[in-house]
Amino acid sequence: MEKKNIDWSNLGFGYVRTDKRYVSNYKNGAWDEGVLTEDSDIVLNECACVLQYAQTIFEGLKAYTTEQGRIVAFRPDLNAERMESSAKRLEMPVFPRERFVEAITRVVAANTAYVPPYGSGATLYLRPYMFGSNSVIGVKPAAEYQFRVFCTPVGPYFKGGAKPLTIRVSDFDRAAPHGTGNIKAGLNYAMSLHAIVSAHEEGYDENMYLDPGTRSRVEETGGANFLFVTKDGGVVTPKSDSILPSITRRSLVYVAKEYLGLKVEEREVLLSEVEDFAECGLCGTAAVISPVGKIVDHGREICLPSGMDEMGPVTRKLYDTLTGIQMGRIEAPEGWIHVIE
Ligand SMILES: *Cc1c(COP(=O)(O)O)cnc(C)c1O
């Protein structure tokens with residue numbers, strides 16, 4: 001398919017309407033067969049459960065063109081699996097995993113004109129989501145649901161190189177113990193909006209959230225998991241039941257161990273030990289790893305030795321190896337690359 005006339009390298013991270021999206025509806029206890037449609041609008045009753053009680057979950061992943069010219073998606077089976085646990089936690093029906101992967105495949109295949117070319121740095125971002133669609137006024141789960149997948153081309157995350165971020169320790173909490181921090185639900189983002197807007201107003205790029213119970217352990221940011229590098233070159237990543245299990249972070253842990261031979265610890269990380277680390281990064285689909293240069297804890301500055309100019313050397317190696325695997329320059333572990341065409 002002929003590519004759209006888009007300036008790929010200068011695309012931002014925003015919504016661009018593409019040709020087709022996938023829709024399946026759940027009614028009377030079953031999912032319908034699902035269709036690709038050109039209609040990008042959703043018409044809902046004013047009392048739809050999602051509008052009143054925020055019964056909605058989502059996923060995010062990317063498709064892109066490899067060095068070999070194939071269009072692929074990265075580990076969509078893990079997004080299907082994670083969406084299943086999100087659905088269960090919010091009393092929503094599960095959209096079957098094989099059908100999830102099939103929906104991703106169909107949406108990408110129907111929008112290949114929007115898949116950025118290899119080397120542009122841009123990718124096709126996919127957004128699967130599901131919400132309670134019928135009217136509900138007394139608090140209970142919806143009886144009807146809609147599952148959708150749309151895609152939008154997004155630009156290179158780091159234009160002109162990855163500039164390390166400055167983040168602050170937040171006074172707001174992200175996720176309660178035994179709450180919903182470990183699922184990908186819109187509700188976790190609604191309550192993070194005030195925290196991120198005020199962080200930006202004060203000149204910070206992101207919030208570091210601590211565990212609400214003791215405010216002593218590092219959890220994550222609003223939309224990315226932490227990965228730290230110790231002074232002797234090992235990798236440490238926080239472990240907590242209220243962290244969202246990032247697929248990027250899990251992939252980087254595998255890469256660190258199996259490709260780079262690094263020692264990896266997944267454990268509780270105290271805020272008080274962060275000053276001893278050599279490097280810090282934020283992991284998520286959007287950027288893979290964003291380096292953090294400075295963490296500010298109520299006026300106390302923790303400056304990572306990797307500095308404010310570039311990624312630290314271990315972060316860089318992790319980033320290059322995982323993006324190399326994704327782009328087909330380095331051999332991928334079995335099952336990581338889902339070929340679409
Ligand atoms: C989506 C998300 C991440 C990153 O997960 P990936 O699967 O790597 O994209 C991290 N934290 C939160 C809170 C998220 O919602």
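Remember, it's 1-based here, ligands and their atoms both numbered in the order they're listed. Atoms considered below: every heavy atom in the structure, side chains included; atoms not considered: hydrogens, waters and symmetry mates.
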**Student:** Run the numbers for me: atoms of ligand 1, each under 4.0 Å from some heavy atom of Arg82, listed by number.
**Tutor:**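 Contacts of ligand 1 toward Arg82, numbered from 1: 5 (O), 6 (P), 7 (O).
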**Student:** Could you give me the CA-CA distance, side-chain angles and deciding distance for His194 and Phe172, then say whether ring pair (Phe, Tyr, Trp, His ring centres under 6.0 Å) is met?
**Tutor:** CA-CA 9 Å; His194 177 61; Phe172 301 102; 5.1 Å; yes
**Student:** Give yes if a backbone or side-chain nitrogen or oxygen of Thr221 is under 3.5 Å from a nitrogen or oxygen of ligand 1, and no if not.
**Tutor:**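 Between Thr221 and ligand 1, no N or O pair is found under 3.5 Å apart.
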**Student:** Looking only at side chains, do Glu59 and Asn79 share a donor and an acceptor under 3.5 Å apart?
**Tutor:**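 Looking only at side-chain atoms, Asn79 and Glu59 do form a donor-acceptor pair, the distance falling under 3.5 Å.
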**Student:** Can you report which non-hydrogen protein atom sits closest to atom 1 (C) of ligand 1, along with the distance?
**Tutor:**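 Scanning the protein heavy atoms, the shortest distance from atom 1 (C) of ligand 1 goes to Lys184 NZ, 1.4 Å.
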**Student:** To the nearest 0.1 Å, how far is atom 9 (O) of ligand 1 from its closest protein heavy atom, and which atom is that?
**Tutor:**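 Among all protein heavy atoms, the one nearest atom 9 (O) of ligand 1 is Thr285 OG1, 2.6 Å.
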**Student:** Looking only at distances, please establish whether an N/O atom of ligand 1 is found under 3.5 Å from an N/O atom of Gly60.
**Tutor:**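 No; the residue has no nitrogen or oxygen that sits under 3.5 Å from a nitrogen or oxygen of the ligand.
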**Student:** Please could you name the atoms of ligand 1 that Ala224 approaches to less than 4.0 Å, counting only its heavy atoms?
**Tutor:**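 Heavy-atom distances to Ala224 below 4.0 Å select 10 (C), 11 (N).
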**Student:** Tell me whether ligand 1 is touched by Ser251 - counting only heavy atoms on the residue side and a distance under 4.0 Å.
**Tutor:**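 No, Ser251 has no heavy atoms under 4.0 Å from ligand 1.
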**Student:** How about CD on Glu46, more than 12 heavy atoms from neighbouring residues, nucleotides or ligands closer than 6.0 Å, or not?
**Tutor:**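 Count not over threshold, so no.
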**Student:** With distance as the sole criterion, is a donor-acceptor pair present between the side chains of Thr237 and Glu266 under 3.5 Å?
**Tutor:**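 The answer is no; no qualifying pair exists.
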**Student:** Check whether the side chains of Ser24 and Asp32 place a donor and an acceptor atom closer than 3.5 Å, and report yes or no.
**Tutor:**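 Indeed, the side chains of Ser24 and Asp32 share at least one donor-acceptor pair under 3.5 Å.
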**Student:** Is it true that the side chains of Ser272 and Arg217 contain a donor and an acceptor less than 3.5 Å apart?
**Tutor:**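 No, Arg217 and Ser272 have no side-chain donor paired with an acceptor closer than 3.5 Å.
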**Student:** Contact between ligand 1 and Arg250 is defined here as a heavy atom of the residue under 4.0 Å from a ligand atom; is it met?
**Tutor:**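 It does not; every heavy atom stays at 4.0 Å or beyond.
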**Student:** Any idea which of Phe58, Tyr189, Phe74 brings a heavy atom closest to atom 15 (O) of ligand 1?
**Tutor:**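 Looking at heavy atoms only, the winner is Tyr189.
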**Student:** Do Asp39 and Thr37 have side-chain atoms, one donor and one acceptor, less than 3.5 Å apart?
**Tutor:**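 Asp39 vs Thr37: no donor-acceptor pair found between side chains.
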**Student:** Can you report which non-hydrogen protein atom sits closest to atom 11 (N) of ligand 1, along with the distance?
**Tutor:**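 The protein heavy atom lying closest is Glu220 OE1, 2.6 Å.
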**Student:** Quick check: does Ser246 get an N/O under 3.5 Å from an N/O on ligand 1?
**Tutor:**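 Such a contact does occur with ligand 1.
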**Student:** Nearest heavy atom to atom 3 (C) of ligand 1: which of Gly284, Gly223, Ala286, Ser86 does it belong to?
**Tutor:**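 Selected option, by shortest heavy-atom distance: Gly223.
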**Student:** Is there a polar contact, in the sense of an N or O pair closer than 3.5 Å, between Arg249 and ligand 1?
**Tutor:**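 Among all N and O atoms of Arg249, none is under 3.5 Å from an N or O of ligand 1.
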**Student:** Does ligand 1 have any atom sitting under 4.0 Å from a heavy atom of Glu59?
**Tutor:**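 Per 4.0 Å heavy-atom rule, Glu59 does not contact ligand 1.
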**Student:** Between Tyr15 and Arg127, is there a side-chain donor-acceptor contact under 3.5 Å, judged purely by atom types and distance?
**Tutor:**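 Distance-only check fails for Arg127 and Tyr15.
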**Student:** We want to know whether Glu219 and Ser240 form a side-chain donor-acceptor pair, criterion being a heavy-atom distance below 3.5 angstrom.
**Tutor:**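 On atom types as modelled, these side chains qualify, holding a pair under 3.5 Å.
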